[in-house]
Structures are given as structure tokens and as C-alpha cells.
Amino acid sequence: MNQRLKTDFLGFEMENPWCVASAPPTATGRLMADAFEAGWGAAIMKTVGPVEEPIINVAPRIQTMKKWNREIAMQNIELITDRRLSVWLDELKTLRKRYPKKMIIGSIMAPGHDMDAWAKLIESMNQVGCDAVELNLGCPHGMPERDMGAVCSQDADIVYNIVSTAKAASKVPILTKLTPNVTNIKVMAQAAKRGGSDAITVINTVNGIIGIDIYKRKPHLSVNGYTAVGGISGNAVKPMGLKCVAECKQQTGLPVSATGGIANWSDGVEYLLMGADQLQVCTEIMIRGFKIVAGMNKGLESYLDQMGFDSISEAKGDLYKSVTSFETLLKHSSSEKVQVNEDTCTGCNLCVVACDNAGYDALLLKEIADTKRTQGTRKVAEVIVDKCTGCNLCVAVCPVPECMSLYDSKKAFPYQLDPSYSENTLR
Ligand SMILES: Cc1cc2nc3c(=O)[nH]c(=O)nc-3n(C[C@H](O)[C@H](O)[C@H](O)COP(=O)(O)O)c2cc1C
């Protein structure tokens with residue numbers, strides 16, 4: 001075990017920041033044990049609900065979206081655990097004995113109107129020696145119809161009631177897991193803090209429908225021709241996750257357990273830099289298995305080496321503080337222009353098409369002498385400086401790393417648009 005990866009989370013010293021999220025990879029005690037053996041620092045049991053709630057899943061309930069043969073997103077319409085609470089409690093007790101150095105986190109869900117049910121579930125968790133309990137207020141499908149899951153974190157009063165009930169009953173720290181499917185997650189995070197939550201977990205899955213089979217003319221996730229809005233997870237939801245981590249951290253200052261789109265070590269580092277304190281993974285494990293944690297540890301270690309950090313806590317950032325309003329951005333803006341590195345430009349034309357068809361018409365291809373050959377020329381991109389507004393689209397589409405870049409043109413800001421842009425363009 002590499003000492004430098006040790007991470008303190010809610011007073012528990014995890015051997016690394018990686019945690020298996022509450023989901024199919026933690027559907028049984030045996031799976032959680034497999035995760036620990038593979039090297040995960042923590043695991044959160046698949047959410048358990050009130051005993052009297054029947055949990056019946058539909059089939060199929062999982063579908064992925066691929067780009068270039070790689071899964072970038074997943075939709076699921078799976079419910080919480082369909083196993084008995086008593087079996088779970090036995091398993092959690094055994095896990096506690098076997099893995100004293102692993103962080104074991106319970107996960108519970110009950111209706112938003114039934115505080116007795118929440119308190120009962122917390123009492124059950126109190127019996128088994130979990131290090132913390134996560135309140136699942138985020139499941140977007142199946143459970144909301146029963147007043148559970150996402151509906152519980154779409155109303156600040158309900159968040160407050162649940163968290164304060166759980167906090168009063170719990171012997172261990174409480175994490176409140178919020179849905180991203182709200183207009184303003186800060187309000188929900190604040191209500192969780194008011195209720196006494198020790199940490200926030202964001203995000204549960206994002207509402208969505210993964211796609212349509214255009215020839216069979218039915219949804220990719222089809223239950224005999226019908227579908228339902230489900231939860232989207234996987235790498236594609238990382239931008240929503242980063243946004244929610246930033247906003248919850250800004251609003252509450254509480255520790256944040258980040259979940260949403262972590263597919264490798266560097267996704268995790270992005271969350272750490274944003275301000276997260278623990279890193280949960282679900283979809284990537286579902287696709288590639290528990291063993292990915294070895295590569296994620298290796299990646300983290302070499303990142304620490306490269307950056308000269310001695311520990312994860314040293315590597316953590318507070319970029320959530322830099323997430324600000326558009327008005328503030330205007331105050332900090334300068335007059336940027338793009339420049340082209342002619343040595344590395346391949347003349348592929350992608351930037352020219354983008355600039356031509358998406359705005360400002362500020363790029364063209366020109367011929368220059370090809371110095372690698374004794375005679376002949378090659379094409380490179382050229383910027384029409386007066387037309388460039390520094391929007392960054394060409395930098396974003398350029399396939400050659402650091403071939404195109406922005407620089408401060410030192411001209412007055414806001415930029416002056418080329419006169420042709422303001423004239424009638426259809427004359
Ligand atoms: C099939 C499936 C089932 C899930 N079940 C639960 C659950 O029971 N409780 C819960 O809190 N989150 C559940 N989640 C959400 C995950 O814990 C996680 O928050 C989400 O998938 C985002 O992380 P990811 O992009 O790494 O998958 C589930 C996700 C998937 C894909």
C-alpha cells in the first residue's frame with residue numbers, strides 16, 4: 001500500500017480516495033469483499049429501503065451509449081436492492097470484522113413523508129458498525145413514484161426533515177446524496193447542511209433517455225416497446241458532476257464525495273482539484289471490473305510524482321472558488337486572439353471549417369515553404385487577426401496538441417468586431 005494515497009474522509013483514514021458507489025458492484029456483501037480485495041479504499045452498499053417495500057426490477061434495465069466502441073454513458077432503470085434487510089445486516093457485520101481498515105458505508109432510502117422509516121433504517125445501520133451512512137435522496141426512476149429517491153432532494157424542506165431525522169438517530173457521520181435534476185442544487189445542499197449532514201455526495205444519475213434504434217424505431221432501452229426516463233451515468237456526466245461538486249462546496253464548505261463519470265485516475269484528479277474529498281465510481285466498474293483500481297492508484301501515484309506532491313491532501317485543490325458569475329468573468333476578461341504553431345500545424349483544415357461555419361471567418365489556409373523537404377510547400381492555418389474574437393473553437397477542434405493557442409493581444413477589451421460582421425450579411 002502506498003502511504004501517499006492515504007486519504008482522510010470524515011475522520012476515517014482510507015488507504016486511497018477511491019470508493020465503490022452504491023450500485024450493482026455493491027449489490028451483495030460478497031461483491032463488496034471483492035472490491036476491498038481488489039484494493040478499493042471504501043464501498044457503499046447498494047441502497048436498502050423499508051422492509052415492507054417490494055422491489056421488483058424490469059428487464060432489460062441497462063443500456064450504454066458508445067463512441068468509437070467505448071462506452072461513454074449508461075442509462076439504467078434499476079431500483080434499489082431487492083435483498084432482505086436482515087441479510088444485509090448480517091453481511092455488513094461480517095464485512096466489518098473482516099475489513100477493519102476499509103471504509104464501509106451504509107446506504108438507505110425511505111419515503112419523504114415517513115420519518116419513522118428513516119429513523120428505523122438508521123437504527124439498523126447503527127447495529128452493524130458502518131463508518132458512515134449515505135442517505136440516497138437521488139434515485140431518479142421507480143422510487144420517486146413511491147415518494148422516495150430524487151423527489152426527496154427536489155424539495156429543501158424534505159431534505160432538511162430527512163437529514164435532521166437521520167442525524168439525530170445516527171451514531172456515525174451522514175452523507176446526503178443529492179440528485180442533479182434540480183434547478184438549483186445549492187438550495188438542497190444548504191438544507192442538508194442545516195439538517196446536520198456531515199458531507200454531501202453528488203451526483204446521483206442525470207435524468208435521460210439513452211437513444212433510439214432508428215431502424216427498429218424503438219428506444220435502445222426498450223421494455224416491450226416502452227421505456228422510462230432513467231438515470232444517465234458514466235464519463236459523459238462528469239461535467240454535470242463537476243458543476244454540482246463546485247456548487248455544493250461553495251454553498252456549504254462541507255466535505256464532498258464526488259460521483260459521476262469517473263472513468264480513470266485523471267477524472268478523479270479533476271474532482272480533487274475542484275474540491276472533492278472522496279471519489280466514487282460505479283459505471284466504469286460495471287464495464288471493466290474492480291481491477292481498474294490498480295491502474296487508478298498507479299496513475300495517482302505518478303501524478304503526485306510529476307507534480308511534486310507528497311500526499312493526496314497536498315494535491316487537492318479549491319477550484320470551486322474559481323467558479324463564478326458571467327459578470328465576474330467579464331471583469332477578468334482580456335482581448336484574446338488565437339495563434340498557430342506553423343511547425344506543428346498539419347494543414348488539416350478542421351479549424352478553418354469550424355471558424356468559417358460557426359462564426360467569424362477568421363482562419364484560412366496558406367502555403368509556406370516546406371523546410372523538411374528541399375523544395376515544395378505545405379499548407380498551414382493562418383489567422384486573420386482583426387476578425388479573430390478569441391472564442392477558442394479552433395483550439396478546441398484542433399487535433400494537434402498545443403498547435404493552436406490563445407494569447408493576450410493587449411488590444412482594448414471588449415474586442416472590436418470586424419465591421420463586416422455587423423453589416424447585413426445577406427445582401
Ligand atoms: C445500474 C445502476 C444502479 C444504481 N443504483 C444505485 C443505488 O441503489 N443507490 C444509489 O445511491 N445510487 C445508485 N446508482 C448511482 C451510482 O451510485 C452513481 O451515483 C452514478 O452511477 C454516477 O456515477 P458513475 O458515473 O461512476 O456511474 C446506480 C447507478 C447505476 C448505473
Side-chain angles (χ1 to χ4, degrees), residues 18-28 31-32 35 40 42-49 53 55 57-65 71-83 88 105-110 121 132-144 148-150 152-153 174-181 200-208 210 221 228 230-245 256-265 267-268 270-271 276 278-290 292-293 296:
W18 306 117
C19 172
V20 185
S22 172
T26 58
T28 64
L31 282 163
M32 290 174 77
W40 292 82
I44 308 176
M45 70 183 285
K46 172 97 181 148
T47 305
V48 68
E53 286 290 334
I55 299 296
N57 274 307
V58 294
R61 58 183 168 279
I62 292 171
Q63 185 54 277
T64 60
M65 181 166 90
E71 294 80 3
I72 56 165
M74 176 182 282
Q75 179 187 350
N76 86 86
I77 43 174
E78 179 172 288
L79 303 179
I80 56 175
T81 188
D82 46 11
R83 301 173 78 231
W88 264 116
I105 304 178
S107 171
I108 59 172
M109 170 189 286
L121 283 168
V133 177
E134 189 173 83
L135 312 178
N136 180 354
L137 311 188
C139 183
H141 43 261
M143 307 316 292
M148 290 193 258
C152 294
S153 62
I174 293 290
L175 292 89
T176 307
K177 184 170 183 181
L178 299 174
T179 178
N181 304 311
I200 306 287
T201 300
V202 273
I203 51 177
N204 208 308
T205 49
V206 181
N207 278 354
I210 200 81
L221 184 49
I232 307 295
S233 59
N235 206 217
V237 308
K238 189 179 67 183
M240 292 71 140
L242 285 168
K243 171 240 175 210
C244 290
V245 167
V256 170
S257 184
T259 158
I262 299 179
N264 58 35
W265 68 268
D267 294 323
E270 288 184 47
Y271 273 114
Q278 188 195 46
L279 306 169
Q280 297 187 25
V281 184
C282 161
T283 301
E284 196 62 17
I285 299 174
M286 288 178 68
I287 295 164
R288 274 164 241 293
F290 290 128
I292 56 169
V293 74
M296 292 163 88

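Note that ligands are numbered from 1 as they come in the structure, with each ligand's atoms numbered from 1 the same way. Quantities reported herein were computed from a predicted structural model and do not represent experimental measurements.
Between the side chains of Ser22 and Thr47, at least one donor-acceptor pair of N or O atoms lies under 3.5 Å.
Going from atom OG of Ser233 over to atom CD1 of Ile262 covers 12.5 Å, rounded to the nearest 0.5 Å.
Evaluation of the side-chain hydrogen bond (donor to acceptor under 3.5 Å, both in side chains) rule for Asn235 yields Asp267 as partners, not counting sequence neighbours.
Around ligand 1, the residues contributing at least one heavy atom under 4.0 Å from the ligand are Ala21, Ser22, Ala23, Pro24, Lys46, Thr47, Met74, Asn76, Glu78, Asn136, Lys177, Ile203, Asn204, Thr205, Ser233, Gly234, Thr259, Gly260, Gly261, Val281, Cys282, Thr283, Met286.
With Thr81 contributing its side chain and Val48 its backbone, the two residues share no donor-acceptor pair below 3.5 Å.
Taking all atoms of both residues into account, the shortest heavy-atom contact from Ala21 to Thr259 is CB-OG1, 4.5 Å.
Considering only heavy atoms from C-beta on, Thr176 stays 4.5 Å or farther from Thr201 through its side chain.
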